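To start, the structure itself, in structure tokens.
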Amino acid sequence: MEEFVLKTGLVAGRPEDSRPPVEQGCYDFLDKLGVEYHRVDHDPAFHIETCHAVEGVLGAPIAKNLFLCNRQKTQFYLLLMEGDKVFKTKYLSAQLGCSRLSFASEEDLMNLLGVAPGSASLLGLLQDKEKAVTLVMDSPLKQQEFLGLHPCRNTSTLRITMTDALERVIPALGYTLNWVTLPVEEAE
């Protein structure tokens, strides 16, 4: 396995260099809302295990973001949960009252959130113009002081306060947050 490289320490605000439009849009959105954020730039982070190195510099846990759909691909969900928590679809399906869920395809992720695998986050909902995605958050997250999330690219991670996420970002995105409580399970 190649060494994971952190390219910056903790930096306040938007980057000074040029970034892709989807990432710039995240900074524009947060700046317009007046939401304070800090950033760490790094090599691509595709798994939560890689994100642990970033968490130490960020000073905040990074939420695991799962993009899911029902069997018929008529309902899509963005689930935010604690990074190290084991996900079992049966518990979420039961709480949402929907057919058994599975991971949505890369194509659906790109079409609905405009991001590649490993880059899904709350800010990806900026791309969901049709509001086709249901936002779901595991209840233990609301106890955290900060939320760590990618700005639609997994080469940077942002830290915002959970209060800002819940009271400013989600309402400005135009979403209703659906709370669930997923059990803590041991990894198999």
Side-chain angles (χ1 to χ4, degrees), residues 1-5 7 15 18-30 39-55 58 61-93 95-96 98-138 141 147-158 165 169-170 173-175 177-178 180 182 185 187-188:
M1 183 175 188
E2 291 185 31
E3 182 181 352
F4 180 74
V5 177
K7 297 182 178 181
S18 179
R19 302 287 171 104
V22 69
E23 184 176 354
Q24 290 286 13
C26 294
Y27 303 126
D28 293 344
F29 173 74
L30 293 173
R39 185 186 85 255
V40 175
D41 295 333
H42 47 76
D43 281 347
F46 289 100
H47 305 286
I48 200 67
E49 295 81 17
T50 310
C51 292
H52 290 314
V54 178
E55 289 175 334
L58 199 61
I62 299 171
K64 184 185 291 184
N65 296 269
L66 303 178
F67 190 58
L68 308 164
C69 66
N70 64 354
R71 189 170 293 148
Q72 300 80 14
K73 293 182 133 191
T74 57
Q75 297 174 299
F76 293 88
Y77 302 87
L78 179 63
L79 169 66
L80 282 66
M81 60 189 287
E82 295 170 301
D84 288 326
K85 197 171 207 179
V86 175
F87 174 67
K88 299 277 181 139
T89 185
K90 66 181 178 180
Y91 299 115
L92 182 59
S93 296
Q95 290 184 57
L96 294 176
C98 61
S99 65
R100 195 163 185 93
L101 298 173
S102 63
F103 291 98
S105 69
E106 289 182 25
E107 181 181 346
D108 289 329
L109 178 62
M110 183 55 76
N111 288 340
L112 292 169
L113 298 185
V115 298
S119 297
S121 80
L122 178 62
L123 294 174
L125 295 174
L126 285 165
Q127 310 305 312
D128 181 22
K129 304 300 183 202
E130 303 295 320
K131 302 289 186 257
V133 178
T134 299
L135 177 60
V136 182
M137 191 178 290
D138 191 16
L141 284 181
L147 178 65
L149 68 163
H150 295 309
C152 294
R153 292 186 66 233
N154 66 353
T155 54
S156 291
T157 304
L158 307 181
V169 173
I170 293 170
L173 288 168
Y175 284 82
L177 179 56
N178 297 279
V180 295
L182 301 174
E185 295 222 350
E188 296 175 358

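What you are looking at is a predicted structure, and each value in this text was computed from that prediction instead of being measured.
With hydrogens and angles disregarded, no donor-acceptor distance shorter than 3.5 Å links the side chain of Asp128 to the backbone of Leu113. Judged purely by atom type and a 3.5 angstrom limit, Asn65 has no side-chain atom pairing as donor or acceptor with the backbone of Leu80. Side-chain atoms of Asn70 never come within 3.5 Å of backbone atoms of Leu101 as a donor-acceptor pair (strictly under, hydrogens ignored). Looking only at distances, a side-chain donor or acceptor of Asn111 sits under 3.5 Å from a matching main-chain atom of Glu107. Although no hydrogens or angles enter the test, the distance criterion places a donor-acceptor pair under 3.5 Å between the side chain of Lys85 and the main chain of Leu182. Side-chain atoms of His42 never come within 3.5 Å of backbone atoms of Val54 as a donor-acceptor pair (strictly under, hydrogens ignored).
In this structure, Tyr175 has no ring pair (Phe, Tyr, Trp, His ring centres under 6.0 Å) partners at least two apart in sequence or on a different chain. Annotation: side chain to side chain donor-acceptor pair (under 3.5 Å) contacts of Ser119 (sequence neighbours excluded): none. With sequence neighbours excluded, no residue satisfies ring pair (Phe, Tyr, Trp, His ring centres under 6.0 Å) with Tyr77. Qualifying side chain to side chain donor-acceptor pair (under 3.5 Å) partners for Lys131, counting only residues two or more places apart in sequence or in other chains: none. For Glu55, the side chain to side chain donor-acceptor pair (under 3.5 Å) test picks out His52, with sequence neighbours left out. Partners of Ser102 according to the side chain to side chain donor-acceptor pair (under 3.5 Å) rule, which considers only residues two or more places apart in sequence or in another chain, do not exist here.
Using a 4.5 Å cut-off on side-chain heavy atoms (C-beta onward), Leu122 and Leu135 make contact.
Under the 4.0 Å criterion applied to side-chain N and carboxylate O atoms, Asp41 and Arg153 are not assigned as salt-bridge partners.
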Handout entry: Full working for side chain to side chain donor-acceptor pair (under 3.5 Å) between His150 and Thr157
Key = CA-CA 5 Å; His150 295 309; Thr157 304; 3.3 Å; yes

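Taken from SG in Cys26 to CG in Asp28, the straight-line distance is 9.0 Å, to the nearest 0.5 Å. Between atom CD1 of residue Ile62 and atom CD of residue Glu82 there is a gap of 13.5 Å, rounded to the nearest 0.5 Å. To the nearest 0.5 angstrom, Arg100 atom CZ is 7.5 Å from Lys90 atom NZ. With values rounded to the nearest 0.5 angstrom, Phe103 atom CZ is found 12.0 Å from Leu109 atom CG.
Just one of Met137, Met81, Gln95 meets the side-chain contact (heavy atoms from CB on, under 4.5 Å) condition when paired with Val180; it is Gln95.
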